[in-house]
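Naming convention: chains lettered A, B, ... in sequence-line order (proteins, then strands); numbering from 1 in each chain.
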Number of protein chains: 2
Amino acid sequence: MLKDMIEARHLRVLRAVAATGSFSAAARELGCTQPAVSQQMKALEGAAGTPLLIRTGREMRLTEAGEALVRHAAGILAGLTAAEEEVAAIAGLRAGRVRLVSFPSGSSTLVPTALAGMRAAHPGTRVSLVEAEPPRSVEMLRAGDCEIAVAFRYPQADDAAEAGGGWEDLVARPLLSDRLVVVVPREHRLAGAGTVGMAELAEEPWIAGCPRCRRHLVEVCESEGFTPRIDFATDDYPAVIGLVAAGLGVAVLPELALESVRAKGAVTLEVKPAVRREVVALTLPDLARVPAVAATLDRLESAARR
Amino acid sequence: MLKDMIEARHLRVLRAVAATGSFSAAARELGCTQPAVSQQMKALEGAAGTPLLIRTGREMRLTEAGEALVRHAAGILAGLTAAEEEVAAIAGLRAGRVRLVSFPSGSSTLVPTALAGMRAAHPGTRVSLVEAEPPRSVEMLRAGDCEIAVAFRYPQADDAAEAGGGWEDLVARPLLSDRLVVVVPREHRLAGAGTVGMAELAEEPWIAGCPRCRRHLVEVCESEGFTPRIDFATDDYPAVIGLVAAGLGVAVLPELALESVRAKGAVTLEVKPAVRREVVALTLPDLARVPAVAATLDRLESAARR
DNA sequence: CTTTGAGCATAAGCGTCCCTTGGACCCGGA
DNA sequence: TCCGGGTCCAAGGGACGCTTATGCTCAAAG
């Protein structure tokens, strides 16, 4: 079927024979025995349909067809080694591109340190970053628009989330477990409580975050027996803090988001029944075995451990 | 040893997979079964050291390394098919160069018709012609300066010739057996004899041809019991005829040489104990299997049969 | 002239690779 | 729920390729 095709091995042997002028010398150069070279050339001549070599006792010359093949072999083998080199560079972390998508509060903390580590350890690799919230980032991952998606999920209430954008078929590397905290104005009646139950805030006006966070907030509150009154919704965390500090309401934020935001005029309270969100790095099973992707995942994991 | 090398087969399969987007479709295109494609790709990924494909349920995408390989594969496979095409053209007589060396009286009769036949039957081939006498032409053949040497030998007296430039290791295609005739002036005492013995011309002045012919003439005469007195020697056959016609001597010429020379003022006599020379086409054993060379040899043989 | 070394071809043996067959699993659509 | 397309896995068999061993030719050296 696919036989009688000229293979790269044939050209390598032919080139060695043409360069050395003898089967034995070519065999030494190739690291094999002389009959192996002899058989390869016989096979190649069979595929070519015409002699390629002139065995004239003394020296080994090329026929016209042989010269044509050697001439082409130079370019073909050069292209082949270039291809091998490029692939080896990607496999050896001397090259490679990783497109990373992260949600905002992840990209401002975890991702920068991971990216810096990658740049330092593997200068040839290039990791790019785009921000997107989880539902969208998983879509991008599946569509081939990125290699890694840093996302989060709420372990307890994933009924709706799993249905819409479940990622059972993805590789999920857990990075850290992010605790949610309540933020209230400094003058709030509970500002000195330290810990608080969600139900105690049933009557407060709320300031919500991104759509997923907002949905989760509603779910948690309803499980506590009340429906939060949400006056504002923004995924800009400094803005949330500002609104809280201005006394316009209370909010619940992931601790991770507070690491890079100065909570001026607001205080944080621990939530009584601890509410957490899991931050994971997602990728496709095949991509997890790509060296640059795996290295980036490792760096993300290290960065998550502080 | 030589393993782990990327082979052309791998690239062919990879290209088919990338083009069709599925292993099964690629298998259909390649004319093999799907597991064969699957194994080839697994082997290629093993050699590459990194995944090349992303199997995401529905569609089959390429990783960065996969794209790099496909990109190189285009050029590599194009070069390979170009090489196969060029070799196939030579093997199929649509191309090919044959350098032919012939002695003068051969090139004026046999060779032109053979070359004309080659050009008519195989327009892509190019047969070039250079003239050289046998000792030199065989040297050129051995040195790789030509593919075919049209030469002649004297069957009976080859003791000296065989020692110097014997061609037992060459392929000798017999073309024709050329009878030698004696040429005498029209006014010569034997002009009407029709046939003549060499000994009858013992006292005549002789006009010899090329060095080999001259040497052969001396050998034949000495086997007849006399040493010829050679007054002139030239390998220009019309000149020989002219000298004979002018009554300056007698000569012995191959019949073939007289085909293209008008024997004005001279008559030809058959030699009593027939003396012949064998005209053969010589080539190297490997070259005899080159289609263009074999075709040229066939044409020469046909031309020799008239 | 004999000898010796180098080089190529061939044959036999054997390991490996590769392709095929058959079956299982997964998924999306009727 | 069934069915069809697609992939992977396992097993079998056939072909390929390399190696060892042997014979041959040729050229240079003794």
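Residues B:S128 and B:R99 bring no donor and acceptor atom of their side chains to less than 3.5 Å of each other.
Between the side chain of A:T20 and the backbone N or O of A:A16 there is at least one donor-acceptor pair closer than 3.5 Å.
Taking 4.0 Å as the cut-off between side-chain N and carboxylate O, B:E86 and B:R94 do not count as a salt-bridged pair. A salt bridge is defined here as a Lys NZ or Arg NE, NH1 or NH2 lying under 4.0 Å from an Asp or Glu carboxylate O, and A:R136 with A:E133 fails to meet this definition.
Expressed to the nearest 0.5 Å, how far CD of A:E29 lies from CZ of A:R15 amounts to 8.0 Å. Here A:R142 contributes atom CZ and B:R61 contributes atom CZ; the two are 10.5 Å apart, rounded to the nearest 0.5 Å.
Spacing between atom CZ of B:R12 and atom C1' of C:dC19 amounts to 17 Å, rounded to whole angstrom units. Nucleotide D:dG6 holds its P atom 14 Å from the CD atom of B:E59, rounded to whole Å. When the C1' atom of C:dC17 is taken as reference, atom CZ of A:R9 falls 11 Å away, rounded to whole Å. One atom, CG of B:L170, and another, P of D:dC26, lie 12 Å apart when rounded to the nearest Å. If you measure from atom CZ of B:R28 to atom C1' of C:dC19, you get 18 Å, rounded to the nearest angstrom. Rounded to whole angstrom, the span from the CG atom of A:D286 across to the P atom of D:dT7 amounts to 13 Å. The nearest whole Å value for the distance from the CE atom in A:M5 to the P atom in C:dC18 is 16 Å. What separates CZ of A:F23 from C1' of C:dG7 is a distance of 10 Å, to the nearest Å.
Between B:T33 and the phosphate of C:dC19, there is no side-chain N or O to OP1/OP2 separation shorter than 4.0 Å. For D:dC8, the OP1/OP2 oxygens have a side-chain nitrogen or oxygen of B:R55 closer than 4.0 Å.
Taking the side chain of A:S38 as heavy atoms from C-beta on, and the options C:dT10, C:dC19, C:dG7, the nearest nucleotide is C:dT10. Comparing D:dT19, C:dA9, D:dT7 against the side chain of A:C32 picks out D:dT19 as the nearest. Out of D:dT19, C:dC8, D:dT7, the shortest distance to the side chain of B:M60 is found at D:dT7. In this structure, the nucleotide among C:dT20, D:dG6, D:dC18 sitting nearest to the side chain of B:S24 is D:dG6.
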Give the C-alpha distance, both sets of side-chain angles, the deciding distance and a yes or no for side chain to side chain contact (heavy atoms under 4.5 Å, CB included) between A:L170 and A:T283.
CA-CA 6 Å; A:L170 301 179; A:T283 191; over 6 Å; no
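If A:P35 and A:H10 are placed on DNA chain D by their nearest nucleotide, the residue sitting closer to the 5' end is A:H10.
In the interface, the side chain of A:Q39 is paired with the base of D:dT19 through a donor and an acceptor atom under 3.5 Å apart.
Scanning residues 40-50 of chain B for heavy-atom distances under 4.0 Å to DNA chain C yields B:Q40.
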